[in-house]
Amino acid sequence: HGTLWFSSVGVFSLNGDKLVRYQSRMFNIGMVWALEFDSKDNLWIGSDIGLLKYKNGAFTAVELTETSLPLSIRSLLVDRTGSLWVGTDGKGLFRLNNNRISSYGLSEGLSNNSVYALFQGREGGLWVGTNGGGLNQLSDGKFTSYTTLEGLSHDFVWSICEDRKGNVWVGTYDGLTRFSDGAVRTYSAADGLRNTFIWALHEDRLGRMWLGTSAGLVLFDGLTFKTY
C-alpha cells in the first residue's frame, strides 16, 4: 500500500510524510521486536508483553499458552501455507494454523528455546535462528542444527536470508556465514566487515547482500564490504 511499517517502543507507520504511532487503550505494548502481515491483512506484533493482532483499529492479545505469564516474542513469520510461526525468548517456537496452536522446544529437537530469527526457504523448509543453539532447519517434521562446530560464525543467530542461487546467509553476533551446497564460508573483520553484529539481511535486485549491523548499513557485492 506504499506504507512502511516499523517498530521500536511501539508500532509505527510512515506513508509519505505522515507518521502514525499505534497505541492500545487496554495495555502498554512496550518494546516490539517483530511485525508480520498475513493474507487477511492482519498485522501480527511480537512484543515483550506477548503476541498481539492489529486489525481495523483494534489490538487483540493472543494467548499461546495456558499460563498467565507473558511471553516475550522475538520473531514472526507467515509461511506459504498461511501458518504463523512465533519465536519466543526462552519458551520455544509456536505455530498458529487457524485455531490450532502447536509448540516446539528442546524435546522436539530444537537446539535452543530462544528463537530470534525465522525464514522460509524456497523449498519450503523453515530456518530457525536461536540464541545460543545456532541455526536450525525444520524439514519434514525434523530439526537439523548447525553450530560453530559446522562452521557457523557464532551460535547466537540474529538474521537469515536465502539468495536467488539458493545460498543461505546467516547473520550472527559475530560475523556472517554462507551455506552453499554443503560448503560453509564465514566472513569477519578480517574480510573487511567492520562490525560483525548483524541484525538484518536482504538481497537486492542485483543479487547484492545488504547487512544491517550495529555500526550501520553494509553492502556486500560478493567480493567487498562497503559501509554507509
Side-chain angles (χ1 to χ4, degrees), residues 2-8 14 32-37 46 74-80 85 87 93 110-112 114-139 143-228:
T3 300
L4 174 67
W5 291 81
F6 59 98
S7 63
S8 177
L14 180 64
V32 175
W33 296 96
L35 299 173
E36 185 84 348
F37 275 100
R74 294 305 182 100
S75 54
L76 296 171
L77 172 72
V78 175
D79 69 18
R80 297 186 192 107
W85 293 86
L93 178 67
L110 187 65
S111 65
N112 186 285
S114 291
V115 176
Y116 279 33
L118 293 167
F119 186 87
Q120 186 175 28
R122 64 171 65 182
E123 297 182 359
L126 183 71
W127 293 95
V128 182
T130 71
N131 177 7
L135 180 70
N136 291 243
Q137 184 182 29
L138 177 59
S139 182
F143 285 99
T144 302
S145 64
Y146 303 88
T147 67
T148 52
L149 296 177
E150 286 74 39
L152 191 66
S153 59
H154 198 280
D155 286 336
F156 189 161
V157 175
W158 273 106
S159 51
I160 308 165
C161 180
E162 184 177 12
D163 66 24
R164 63 191 63 190
K165 297 179 181 178
N167 302 313
V168 175
W169 297 80
V170 185
T172 76
Y173 186 83
D174 189 25
L176 176 68
T177 300
R178 184 189 67 193
F179 292 87
S180 178
D181 294 326
V184 182
R185 170 76 159 92
T186 289
Y187 300 87
S188 65
D191 301 291
L193 184 57
R194 293 183 183 179
N195 187 280
T196 56
F197 197 137
I198 302 172
W199 293 88
L201 292 168
H202 177 74
E203 184 190 27
D204 68 16
R205 295 176 182 177
L206 299 178
R208 303 174 302 180
M209 194 64 61
W210 291 86
L211 291 65
T213 77
S214 292
L217 186 64
V218 176
L219 174 62
F220 181 54
D221 62 6
L223 297 173
T224 60
F225 293 93
K226 182 179 182 180
T227 302
Y228 294 87

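Since we're looking at a predicted model, the values are computed, not measured.
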Check: Of all residues at least two apart in sequence or in a different chain, which pass the side chain to side chain donor-acceptor pair (under 3.5 Å) check with Ser7?
Finding: none

Next item on the list: Go through the structure and list residues passing ring-ring contact (aromatic ring centres under 6.0 Å, His included) with Phe197, not counting sequence neighbours.
Entry: Trp158, Tyr173, Trp199

Item checked: Set of residues satisfying side chain to side chain donor-acceptor pair (under 3.5 Å) with respect to Asn167, sequence neighbours excluded -> Asp163, Ser180

Notebook entry, point to check: Say you draw a straight line from CG of Leu138 to CH2 of Trp85; how long is it, rounded to the nearest 0.5 Å?
Noted result: 5.0 Å

Checklist line | Which residues share a side chain to side chain donor-acceptor pair (under 3.5 Å) with Gln137, sequence neighbours left out | finding: none

Note to self: Which residues pass the ring-ring contact (aromatic ring centres under 6.0 Å, His included) test with Trp5, not counting sequence neighbours?
What the structure shows: Tyr22, Phe37

Item checked: Separation of Leu193 CG from Ile198 CD1 (nearest 0.5 Å) -> 5.0 Å

Checklist line | Partner residues of Phe179 under the side-chain contact (heavy atoms from CB on, under 4.5 Å) criterion, sequence neighbours left out | finding: Leu135, Tyr146, Leu152, Val168, Val170, Thr177, Val184

Check: Under the 3.5 angstrom rule, does the side chain of Ser153 hit a backbone N or O of Gly171 as a donor-acceptor pair?
Finding: no

Check: Considering residues at least two apart in sequence or located in another chain, which fulfil the ring-ring contact (aromatic ring centres under 6.0 Å, His included) criterion with Phe225?
Finding: Tyr187, Phe220

Item checked: Trace of the side chain to side chain contact (heavy atoms under 4.5 Å, CB included) decision for Val128 with Leu110 -> CA-CA 9 Å; Val128 182; Leu110 187 65; 4.0 Å; yes

Next item on the list: Rounded to the nearest 0.5 Å, what's the gap from CG on Leu14 to OG1 on Thr3? Could you check?
Entry: 8.5 Å

Notebook entry, point to check: Would you find a donor on one side and an acceptor on the other, under 3.5 Å apart, between the side chain of Glu36 and the backbone of Leu77?
Noted result: no

Check: Can you tell me how far OG of Ser159 sits from OH of Tyr116, rounded to the nearest 0.5 angstrom?
Finding: 14.0 Å

Check: Got a sec, which residues hit salt bridge (Lys or Arg N to Asp or Glu O under 4.0 Å) with Asp191, two or more places apart in sequence or on another chain?
Finding: Arg185

Throw together a table of side-chain donor-acceptor distances under 3.5 angstrom for residues 200-209, partners on residues two or more places apart or in other chains.
from	atom 1	to	atom 2	distance (Å)
Glu203	OE1	Arg164	N	3.0
Glu203	OE2	Arg164	N	3.4
Glu203	OE2	Arg164	NE	3.1
Asp204	OD1	Leu206	N	2.9
Asp204	OD1	Gly207	N	3.1
Asp204	OD1	Arg208	N	2.9
Asp204	OD2	Arg208	NE	2.8
Asp204	OD2	Arg208	NH2	3.0
Asp204	OD2	Trp210	NE1	2.9

Next item on the list: Could you tell me which residues satisfy side-chain contact (heavy atoms from CB on, under 4.5 Å) with Thr148, sequence neighbours excluded, listed by chain and number?
Entry: Asp155

Item checked: Spacing of His154 atom NE2 and Asn131 atom CG [to the nearest 0.5 Å] -> 9.0 Å

Margin query: With rounding to the nearest 0.5 angstrom, report the CG to CG distance, Leu118 to Leu93.
Written below: 6.0 Å

Checklist line | Side-chain (Gln120) to main-chain (Trp127) donor-acceptor, under 3.5 angstrom | finding: no

Checklist line | Counterpart residues, side-chain contact (heavy atoms from CB on, under 4.5 Å), relative to Ser111 (two or more places apart) | finding: Thr130, Asn136, Ser145

Check: Which pair of non-hydrogen atoms, one from Ala34 and one from Ser75, has the smallest distance, and what is that distance?
Finding: CB-CA, 3.9 Å

Checklist line | side chain to side chain donor-acceptor pair (under 3.5 Å) involving Asn112 - partner list, sequence neighbours excluded | finding: none

